[in-house]
Peer 1: 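My structure is below; once you've seen it, I'll send some questions.
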Amino acid sequence: MFHWEPDFPPPLWTLPEPAVSYLICRHAIAALCSAQPRRPVLWVPTFFCPEVARFCRPAAQVREYRDDCRRPAPEWGSLQPGPDDLVLAVNYFGVRSPEPWREWRNRNPCLLVEDHTQDPFSKWALESNADYAVCSLRKTLPVPDGAILWSPAKRPLPARPTEMDTRGSMMKLGAMVYKRNYLEGTVPAECKARYRELQLEGEQRLSEAGVSAISPISEAILARGVPKRWRERRIENACTLLQSLQGWKMAAPVFTKWPEGHAPFDLPLVFREQAARDDCQRALQQENVFCPVEWVSDTPDADASDLSSRILSVPVDHRYTRDDMARVSAALWKVCD
């Protein structure tokens, strides 16, 4: 969870325009489905956030195609859309090349929806010609909520949501402020439990909300733009961590390089088995290194389910310095020993 950051140092990226802003990304995808003339088919990858599929089912017939972050491209034979179907393409961890999707799209009529959550300013995102694109901004930026939908192909966008549910956002914002104060040492250590409580309750409230507009606080923060330096720091941290983990045998990184103009979201590690992943996660927590499990898959695809049980993501975002990466690396080597 990000802490509250009032300063956005220049230079800044500007978000795509025109765009429609939502509370969370699944709201954007569901709204796009609802805006179609008839209830559409929505194709989603098997290795993906299951809450998106569940939320979108009232608005679309959800189908899966085989894909995960270890592959350069989906298993194309499992993806057979009709011309009016929506196909969600994911730039996993911000490091995927767009060429396979672009070549496939030239041969397969559909409504292509790209998910650029894990690198909103990749070369792929900036040069996209997809029908639509979505991004969960709260995953890479210190805002309590926020997602956008835009059309690189300049297609019509859904109307701005008329409903706004900010209950979860206010809890998340309180957690972010508490966390900043805790990190600065201006509140008692006991407040750590409080900001975690607010974070969890806020996430629950966000997940329970219907399609909602972005909160005014997140809208105002994002209107300033996004610091380019924060994205550059991700690249530096990922390179530092990969270099320091050469020869580490407990797990394998999903990637060791990425296309020019892209930035890693974090560094995902794949373990031999779930027990090893879980043991490593617990051991890192003892060293005050907290690494999330990206998604717990809910799919009949055995490969995607197996991957979700063995993968662990190491954060490399702008909050961390080279020294922090050295500490994380030392903790991982200690676990291996």
Side-chain angles (χ1 to χ4, degrees), residues 12-22 25-38 40-45 47-48 52 56 60 63 65-69 71-137 139-140 146-160 222 225-226 228 231 255 258-265:
L12 304 173
W13 296 98
T14 57
L15 295 173
E17 287 288 349
V20 183
S21 299
Y22 296 86
C25 197
R26 70 194 71 159
H27 294 180
I29 299 170
L32 180 59
C33 291
S34 296
Q36 303 310 303
R38 292 176 296 276
V41 174
L42 171 65
W43 294 82
V44 299
F47 184 68
F48 193 58
V52 171
C56 290
R63 295 182 181 174
Y65 65 91
R66 288 171 55 84
D67 196 14
D68 70 50
C69 58
R71 302 168 175 162
E75 191 175 293
W76 296 121
S78 67
L79 177 56
Q80 301 292 331
D84 297 323
D85 292 358
L86 281 73
V87 176
L88 187 65
V90 179
N91 180 12
Y92 287 115
F93 300 107
V95 298
R96 234 180 187 182
S97 171
E99 277 72 24
W101 270 109
R102 288 176 178 166
E103 292 173 4
W104 177 87
R105 178 67 176 79
N106 289 335
R107 304 188 304 271
N108 295 271
C110 68
L111 289 173
L112 183 62
V113 185
E114 294 173 350
D115 186 341
H116 290 292
T117 291
Q118 296 184 323
D119 187 5
F121 300 101
S122 69
K123 186 177 181 181
W124 181 358
L126 296 177
E127 297 179 356
S128 174
N129 61 0
D131 298 288
Y132 295 97
V134 294
C135 175
S136 180
L137 296 166
K139 297 299 177 65
T140 56
I148 57 170
L149 167 69
W150 74 100
S151 174
K154 307 304 179 186
R155 287 182 172 269
L157 294 168
R160 177 184 172 92
L222 293 169
V226 179
K228 294 184 177 183
R231 187 171 173 275
F255 56 83
W258 43 89
E260 184 179 357
H262 288 229
F265 174 67

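The analysis underlying the following values was restricted to heavy atoms, covering all of them including side chains, and did not include hydrogens, waters or symmetry mates.
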Peer 1: Considering residues at least two apart in sequence or located in another chain, which fulfil the side chain to side chain contact (heavy atoms under 4.5 Å, CB included) criterion with Ser78?
Peer 2: Tyr65, Arg66, Glu75
Peer 1: Applying side chain to side chain contact (heavy atoms under 4.5 Å, CB included), can you list everything that pairs with Pro152, at least two apart in sequence or on another chain?
Peer 2: Ser128, Ala133, Trp150
Peer 1: Pro120: which residues meet the side chain to side chain contact (heavy atoms under 4.5 Å, CB included) condition with it, sequence neighbours left out?
Peer 2: Cys135, Thr140
Peer 1: Strictly by side chain to side chain donor-acceptor pair (under 3.5 Å), give each pair with a member in residues 88-98 just once, sequence neighbours left out.
Peer 2: Asp67-Arg96, Ser97-Glu99
Peer 1: Hey, does the side chain of His27 reach the backbone of Tyr22 with a donor-acceptor pair shorter than 3.5 angstrom?
Peer 2: no
Peer 1: When you compare the side chain of Asp68 with that of Arg71, does any pair of heavy atoms fall below 4.5 Å?
Peer 2: yes
Peer 1: To the nearest 0.5 Å, what is the distance between CD (Glu103) and CH2 (Trp76)?
Peer 2: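 If I round to the nearest 0.5 Å, the distance is 9.0 Å.
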Peer 1: Please report the shortest heavy-atom distance between Arg231 and Ser122, naming the atom on each side.
Peer 2: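 Of all heavy-atom pairs spanning Arg231 and Ser122, the closest is NH2-CA, 3.6 Å.
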Peer 1: Which residue, Trp124, Tyr132, Trp101, forms the side-chain hydrogen bond (donor to acceptor under 3.5 Å, both in side chains) with Glu114?
Peer 2: Trp124
Peer 1: What's the separation between atom CZ in Phe121 and atom OG1 in Thr14, rounded to the nearest 0.5 Å?
Peer 2: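 Output value for this atom pair is 7.0 Å.
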Peer 1: Identify each donor-acceptor pair in which a side-chain atom of residues 80-90 lies under 3.5 Å from a protein atom, sequence neighbours left out, and give them as a table.
Peer 2:
unit_1	atom_1	unit_2	atom_2	d
Gln80	NE2	Gly77	O	3.3
Asp85	OD2	Trp43	NE1	3.1
Asp85	OD2	Gly82	N	2.8

Peer 1: Is any NZ, NE, NH1 or NH2 atom of the basic residue among Arg105 and Asp131 found under 4.0 Å from an Asp or Glu carboxylate oxygen of the other?
Peer 2: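 Salt bridge present between Arg105 and Asp131.
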Peer 1: Would you give the length of the straight line joining atom CG of Leu15 to atom CG of Leu137, rounded to the nearest 0.5 angstrom?
Peer 2: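 Leu15 CG to Leu137 CG: 5.5 Å, rounded to 0.5 Å.
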Peer 1: List the residues meeting side chain to side chain contact (heavy atoms under 4.5 Å, CB included) with Thr117, not counting sequence neighbours, and say none if there are none.
Peer 2: Cys25, Asp115, Ser136, Lys139
Peer 1: If you define the side chain from C-beta out and look only at heavy atoms, does anything of Val134 sit under 4.5 Å from Ile148?
Peer 2: no
